[in-house]
Each structure stands twice: as structure tokens, then as C-alpha cells.
Amino acid sequence: MKRSAAEIVREYGPFPDVERVNGVTFDGQQVWFASGDKLHALDPKSGKTLRSIDVAAHAGTAFDGKHLFQIAEDRIQKIDPNTGRVLATIPAPGGGGDSGLAWAEGTLWVGQARDRKIHQVDPKTGAILRTIESNRIVTGVTWVDDELWHGTWEGDDSDLRRLDSRTGEVLERLEMPPGTGVSGLESDGGDQFFCGGGSSGTVRAIRRPRRS
């Protein structure tokens, strides 16, 4: 397993009236982050929040190219980002113990925090298609270039982990500085990750390691 220190490229926030950052996703232009009762759109270039949607936003956030998906307690909501309207709802696999959320391969990938699992879920029905076991608490989840990554946060220790998506074996770890947690995770599709900072009320950009 490869281990290295996470390189924090930039920190956004803390933001006004945001006590906690939960899920994080990226729509190609804006970073969206969940703060409990709102979804906020952040311009990653200027660092300014552009607008907010009033919607339950308790954990992971994902984007499928057109819609936002947001964990709200024991359900996952499909949201029109233009209007903020909830278009559909499916049950969350953890019944309220869900954490990270990602979109890949036409399906949702849902982290189970304390169960230490990642479920691949049918976005129309909520049916669990398969499950990957982790050996740490799962916070955020993301896919990039066929790589599955998830965040962990236990006590003062937090890191980003690249897994073998078939076996769950940890292939690589990016270790965050002590006391710096990861509450949500999303790739920008390129050379960095966006990470929720939990109760710090921040979003951090972390450099993604280059592949040889």
C-alpha cells in the first residue's frame, strides 16, 4: 500500500451561517456542499458562494450530469439544481446511517459510516446491487478514472483511501493533517479532490496523486 501526506491546495470558508459541511459534489463548474438544511453552490475559482437551495442536506451529495442527489436522513432525494425541486425519493440503504454519496456507472454509491461499507445502489429503486467492505469509518465517496476513493475520519485521524473496487483492499492512503477531517468527498475529474471539512465549516481542495 502506498502512503503519503495529503497536499491541501486551497481552503474555502468558513462560510456565513454554515455550521457544518456534509456532502460535497462537483457539476463541472460549481462545487455543491450540504450544510444540514441547504445545498450551496460554490465557485471554486473565486471562492464565493453563488446561491443556495433550501432542502434537507444531512450527508452525502452527488451529481449525475443533470440532477443533484442528496442524502436526507433515511432517504436519498433527486433534485433539480435549477429550481431546487425534489423530483423523486428513494430509501437510503443505511436507514439513516448513510454518509458519502457518488455517481458512477449509472448508479449511486453510498457510504455507510459506522458499518464501514460502500453500497452500489439502483438510483430508481434504492435496491442494493453490491457491497464493498472497508476497514474504516466511511465518510465521503468518489470515483475518478475507474478509481474508487473514500474518506475516513476517526477521532483526530482522517485520510483519503483508494480501494480495489472488487476486493476492498486499500491500495493508497493520503493522510490528512491531525485534526483535519474529511466529511464529504468528490473528484473534479482531474488533479484534485474537494473535501468537506465537517464542523470547521470549510471545503478543502486536495491534490490527487499523479499516475505514472
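Fair warning: this is a prediction, and the values are worked out from it, not measured in the lab.
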Under 4.5 Å between side-chain heavy atoms, counting indirect links through other Ile/Leu/Val/Met/Phe/Trp/Tyr residues: same cluster for Leu87 and Ile90 or not? no
Check Glu147, Glu186, Glu7 against Arg208 for a salt bridge (charged side-chain N to carboxylate O under 4.0 Å, His left out) and give me the one that passes. Glu147
Residue pair Arg75 / Pro91, side-chain heavy-atom distance below 4.5 Å: no
Measure the shortest side-chain to side-chain distance between Met176 and Ile206 over non-hydrogen atoms and say whether it is less than 4.5 angstrom. yes
Can you confirm whether or not the ring centre of Trp149 sits under 6.0 Å from the ring centre of Trp143? no
Classify the side-chain pair Glu11/Thr202 by whether it contains a donor and acceptor separated by less than 3.5 Å. no
Single-linkage hydrophobic cluster, 4.5 Å side-chain cutoff, Leu42 and Leu39 together: no
Tell me, with the steps shown, if Arg204 and Arg10 meet side chain to side chain contact (heavy atoms under 4.5 Å, CB included). CA-CA 6 Å; Arg204 299 182 178 97; Arg10 185 170 178 180; over 6 Å; no
Supply the atom-to-atom distance Asp37 CG to Asp17 CG, rounded to the nearest 0.5 angstrom. 9.5 Å
Could you tell me whether the side chains of His119 and Thr131 share a donor-acceptor contact shorter than 3.5 Å? yes
Looking only at atom types and distance, does a side-chain atom of Gln77 sit under 3.5 Å from a main-chain N or O of Ala56, one as donor and one as acceptor? yes
Taking the six-membered ring for Trp and the full ring for Phe, Tyr or His, determine whether the centres of Phe33 and Phe194 are under 6.0 Å apart. no
Among Val121, Asp115, Leu108, which one satisfies side-chain contact (heavy atoms from CB on, under 4.5 Å) with Pro93? Val121
Side-chain donor-acceptor pair under 3.5 Å between Gln30 and Asp43, yes or no? no
Looking only at the aromatic ring of each residue, does the gap between the centers of Phe63 and Trp32 stay below 6.0 angstrom? no
